[in-house]
Structure formats: C-alpha cells, structure tokens
Protein chains: 2
Amino acid sequence: MTTIRDVAKHAQVSVATVSRVLNQKGYVSKKAEEAVMAAIKELDFRPNAVARTLYNKSSRMIGLIVPDITNPFFPELARAVEDIALTYGYTVVLCNADEDIKKERNYLDVLKQKYVDGIILTNNQLSFSEVDEAGVPMVALDRVIADHIPTVVSTNKIGAEMATKHLVESGCKFIAHLRGPKGLPTADQRLEGFRNVVEQSAVASVVVEADFHYERSELVTEELLKQHPSIDGIFASSDVTAAGALKAISKMGKRVPEDIQIVGFDGIPFGEMLVPSLTTIAQPIYQMGATAARLLIKLIEKKPIEGSYFELSTDLIIRETTKGEGAAK
Amino acid sequence: MTTIRDVAKHAQVSVATVSRVLNQKGYVSKKAEEAVMAAIKELDFRPNAVARTLYNKSSRMIGLIVPDITNPFFPELARAVEDIALTYGYTVVLCNADEDIKKERNYLDVLKQKYVDGIILTNNQLSFSEVDEAGVPMVALDRVIADHIPTVVSTNKIGAEMATKHLVESGCKFIAHLRGPKGLPTADQRLEGFRNVVEQSAVASVVVEADFHYERSELVTEELLKQHPSIDGIFASSDVTAAGALKAISKMGKRVPEDIQIVGFDGIPFGEMLVPSLTTIAQPIYQMGATAARLLIKLIEKKPIEGSYFELSTDLIIRETTKGEGAAK
DNA sequence: CTGAAAGCGCTAACAT
DNA sequence: ATGTTAGCGCTTTCAG
C-alpha cells in the first residue's frame, strides 16, 4: 500500500504539502503541486479512507436502516436515497434491521462507530422513541420518531381517505380495512383516514390487524371473509397486504373486482404485476427517499433547512381491482 | 467521546492493560481486569472501531454487491448473507451497483478502502472478468467470475432442462425461451438447458432475449406473441421476466395455463403472489447466500475450505401457470 | 509557501 | 503482570 509518505518522498516535498494538494487547502506552489500530482499518478496512490475518517471523524458514508429489505417498498426507497447520496459524494450503507429492535440498535451503534455522517431511519414496526439523543444527524423516513428529528412522510391519512372514498364510490357496502401493526404511526394514520370516511358514509365496516407480510395477510383475510362473507371491499394498509388478500379471495373462489374490490397502499411496481392489477394509493416513493437524502445531507453540511416536517402527497392509482372509473387504464 | 486513555486513568492502569482486557490478550491480573471492567462500565466506554480498523487493517465488515436491489431475488439473498455474517460477528454492507459497471467498480474501491474483510459479488449483467486480482478475499455468488474465485451457484442448466421438460410433458408444442442477457453465464446456461431439451423433443422453439426487468419483459413478450401466435409455452429466465410475460399474455386476452403455459426461474416468494401463481424453478436462494457467506468467512479466517465451486440444486415447483400434475398444489 | 511535529484512538513490541 | 512507546495513514497547527 502506498502512503502519503511515499508520495512525499517521490515528489521531494513534505507530507504536509501532499496533504494540502490532496485537500486543496492552504497554499501550494504550482511547481510543488505538479510534482505531487505526478507522484500520485505514478504511484497510483489513493488516500486511505480509514485514516482520514479517524482524523476527521467523518466518513462520507450515510447509513440507511430499513425494517425489511424483503418488502419491495424499501429497495425502492433505498435506490432513491442512494442516487442522491452518490450525487453528493456520499456512499450509503444499507442495513436491514429485520424488524428486530435489537438489530436496529446494533446497526445504529455500528454506524456511529464507523463515523457515518448521518443516518436515515425508516419505518420500523417496533418503533422506539428514545432514538439516541445526539451524535449524528438523523432523519426519519416514512416514520415519525420525535419532534426534534426531521421527518419525511407521505399524506397517509389523506391517502387512506381517498382509498376508502374510492371504494364507497365504486359501490362497496361493507368495507374491511386490513390495518397495519398497532403502534405504527403510519398505520394508525391510515386507519384514521379510513374511519373518517366510513363514518360519514352509509357503509358497514370492520377493521382487523394484519402486517406487511404476504402469507400472514392471506391468512388474516381468509379468516375475515369467513366471518363476514358479505364484505365487498377491502382497503389494505400496504400493497403486500393487498396481495395477500387478493390471493385469499381468489382461493375462496370469489372474483375481483366483481365480488370484492381491493385498494392497496404504497404504489410499488409489484402491484402492477398482479392480475388483476392492483388499485392503490401510491406514495411518491422515490421522491420520499430523495427528499430524505437531501435533507440529511443539508443537516450534515450544516446548511439551512426549510422546515423539518415534509409531507409528500399520495395519489390514487385506479387499476383493475376496483370498478371505479379509469379502471380500464 | 471517551477513549482508552480515559479508561486507563480511571482504572489507574496503563492503556496497554486496558487494551489487553479489551482484546483478551496477554496477561492481566484479576485485580487490574476488574478495575478496567468497572471503569469501562462506568464511563460507558466503547472502543473506537475506526481506530481499530486503521491499525488492524480489518473492519469485521463484509461487502455484498448486488446488481439490482429492486429485483426481489437479491434482497432474499442479502438476508441470508446477513444472517450468517451476524452469527460470526460480521456486519454486512449492502451495495447496489444498479447494473452499472462503474458503480460496481466504485463500490469495490470504496469497500477496499474501508478495509472490509471480504466481498461477495453477485451476478451482474455487465459482468467483468478482471475483478481485482488481489487484496480482499472474495466469493462469487450466482455468478461465475474466474477460476481462482470461489463460486456458489445453482444448477442452472439442469433447472432449465427440468423447466423445459415440464413444459413439453404438459403438452406444449411451440415453446419460447425468454433468455436472460447475453454474456451472462447463468443466463447462457439456462439457454443451454433449454436447447438440450427442445432439440430432442418434437417441439418447435424460439429464443428471444429479455432481461430481468418487468416492463421490458412484458414488451418483449407482446412482440413475440404477435410474431408467433401459436406459442403455447414459455420458459422465462427469471421470475420477474415471467411476470412480465404473464401480464403481456393476459393483456392480449389469452389464458394461462389454458392457452399458454409459463415456467419461471428463481423461486422468489413473489411468484406465489401472482394469480395464477407461477410454476418455477426454485433456486435455494437462502442456502446460496448462506453458503457464500460461510465460504467467505472461512476464507477471511484462513480456515480450510472444501472445494471452491459449489453448485446447489434447483427444484421444479409446479403451481398454476402450467397444467402438469401437481398443478393443483 | 513549506516542513516538522503533534495527534485522531487503538494495538503490540519491548522493556521492566 | 504492567507500562512506555512507536506506529497504523492522514490532517493541521505552528514555525520558519
């Protein structure tokens, strides 16, 4: 491994000078600079990132912690974060907490240990509020943690209202909501939106808890439909949940959207791959990730940020699991 | 930040002693050890990982480079790698090369710079052979790079043969193969398996290139079916490709499996979510990831490895997109 | 403009 | 058994 000393020797200057040209800091004569450049090239020298990090206490890495990399929503988000980060010269370290609060803790520790410059925390089922007071800049993405942590989310409540309204307008008389895990703020907000609409419509409703896992959602739905055979509309708290519901329905021999209509939430590409394709409330996933990344980088670079709570808007995408207009799309 | 010096002072010993108890190396008197432990606890001291890395040239991190985190195959793989790595006390850094050879290069560089202890390279569309001679231990996963790099793959050719045979046995007369990108060894092997079977069966066949992206696969399939309306079987090189094909078929008003039967490749959970659910060749994804991780860790710890080419076996999973027996499943 | 030297936090000879 | 000290490779005062 060639070091800064080698370069210095080769260029007949001191290590300080080499460091100066490396960081474009301080005065360096043209001549010295050229000599150093030449030496760098000749020796194929590349500064040691770890040594730099040790001194600077900065690694130009940002950590992204997701609860379940296996849920297509998160890879999508990760791509966005990565795109932006790369643009600004940061490398992102993707950590899969696996819905395990211990793992999340562990990653948080490891990341800090590695002097990451900032961390983006995404929605975790087992959300814990006492996210470390201080240390690195953080932003919460698709997750509300605490007031003092800048947050990027989408309009969950409004989205849920749109979804429910769409179901009502499409003729549903008995609508079920497969709500997300209790205690998850985003899930709670979606439930709230659902309630708002059913309460002022003349439709029957029922709410059951599901999570964001396919098989479990399928099971829950099966159980639900057995108990309430007259359900003719389902609003699921995520697209994966909706996929499980769709499967359960098809297994029971009912048709979508003729017998039961479904609306999901998330807008992951995967919803379009289903047959029938899934009507859903699309979150601006890429934009959410990008916003969070930009926000974090501003925080890191101590630039002013305009606001600390960003709510991006959701869209109703009508596809084939509902009969509403546009279903032809 | 509390350092080893603080601890030493607090415990009234030298830094060397603290280091010794930290690393359980060398002799330390019981008394000294207890004093140090107490100080550590009291000061909530946590050794600085970066400083350690700088000295040891080892970070207890392993890098995992994937071509497209958005393809569900890879998150699945990542989970397996992570599980094993965690068990052995390694943290995995997941890098999304985005099918971009430059990004892959860059990550390779960054990882080395960070003194990762090892790297797992997974299948990249733009596979490049001259993966850096030396430096860190590496293993290739679902990807053949070079003889000297230990490799973990599945039985691609055999899997493809099973798939094609299944289609033939299910009554297909004109089978199309949506092959993966040219130059990708795994894709080439699947093609080879396909050819082997069609050549010794009395069925017509056609091969077109698709990639592992949903929309593009849908387009390719649409085009293909227009040109060859009599195709009644499709073997797709990946499940995502198959999903695209399924969509194209359903858009054209044909039925699966009545008019056209489909077999995918990968065995990602997502295939089961489709309606009809996808018959596929399942790779032992988790096992592949776990094997690669264990192999890499052995390499890192300089333990003997038994073999350097691991081929794990694939399985035919019959679901609803084919008429073969078991389709009831 | 440039160099010597201290130090980021830790480990490992080498003494004692 | 324990302490002193010299680095790991880099950056940054502080002199000159």
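Residue numbers start from 1 in every chain, and the chains themselves are labelled A, B, ... in the order their sequence lines are given, proteins ahead of strands.
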**Fill in**
On a heavy-atom basis, the closest approach of B:Tyr90 and B:Glu301 is OH-OE2, 3.0 Å
**Span of DNA chain C in contact with chain A (heavy atoms, under 4.0 Å)** = C:dC1 to C:dG9
**Complete:** Comparing nearest nucleotides in DNA chain D, the 5'-proximal residue of the pair B:Arg5, A:Phe45 is B:Arg5
**Asked** Taking only residues two or more places apart in sequence or in another chain, which ones pass side-chain hydrogen bond (donor to acceptor under 3.5 Å, both in side chains) with A:Asn71?
**Response** none
**Message:** Under 4.0 Å, heavy atoms only, any strand: does B:Val13 hit a base, just the sugar-phosphate, or nothing?
**Reply:** sugar-phosphate
**Request:** Step by step, work out the side-chain hydrogen bond (donor to acceptor under 3.5 Å, both in side chains) result for B:Asp117 and B:Ser58.
**Result:** CA-CA 6 Å; B:Asp117 294 349; B:Ser58 153; 3.1 Å; yes
**Fill in**
Span of DNA chain D engaged by chain B, first through last nucleotide within the 4.0 Å heavy-atom cut-off, is D:dA1 to D:dG9
**Message:** Using a 4.0 Å cut-off on heavy atoms, which residues in residues 19-41 of chain B reach DNA chain D? List them by number, or say none.
**Reply:** B:Arg20, B:Tyr27, B:Val28, B:Ser29, B:Ala32
**Message:** Using five base pairs at each end to define the local axes, how bent is the helix from C:dC1-D:dG16 to C:dT16-D:dA1, to the nearest 10°?
**Reply:** 50°
**Asked** Strictly by modelled atom types, are A:Asn48 and B:Tyr115 linked by a side-chain donor-acceptor pair under 3.5 Å?
**Response** yes
**Residue pair A:Leu22 / A:Arg52, side-chain heavy-atom distance below 4.5 Å** = yes
**Request:** Strictly below 4.0 Å, heavy-atom distances to any atom of DNA chain D: list the hits from residues 48-56 of chain A, or just say none.
**Result:** A:Asn48, A:Ala51, A:Arg52, A:Tyr55, A:Asn56
**Item:** Value rounded to 0.5 Å, distance of CZ in B:Arg143 from CG in B:Leu141
**Value:** 10.0 Å
**Fill in**
Taking every heavy atom of B:Ala8 against every heavy atom of B:Ser14, the minimum-distance pair comes out as CB-C, 3.7 Å
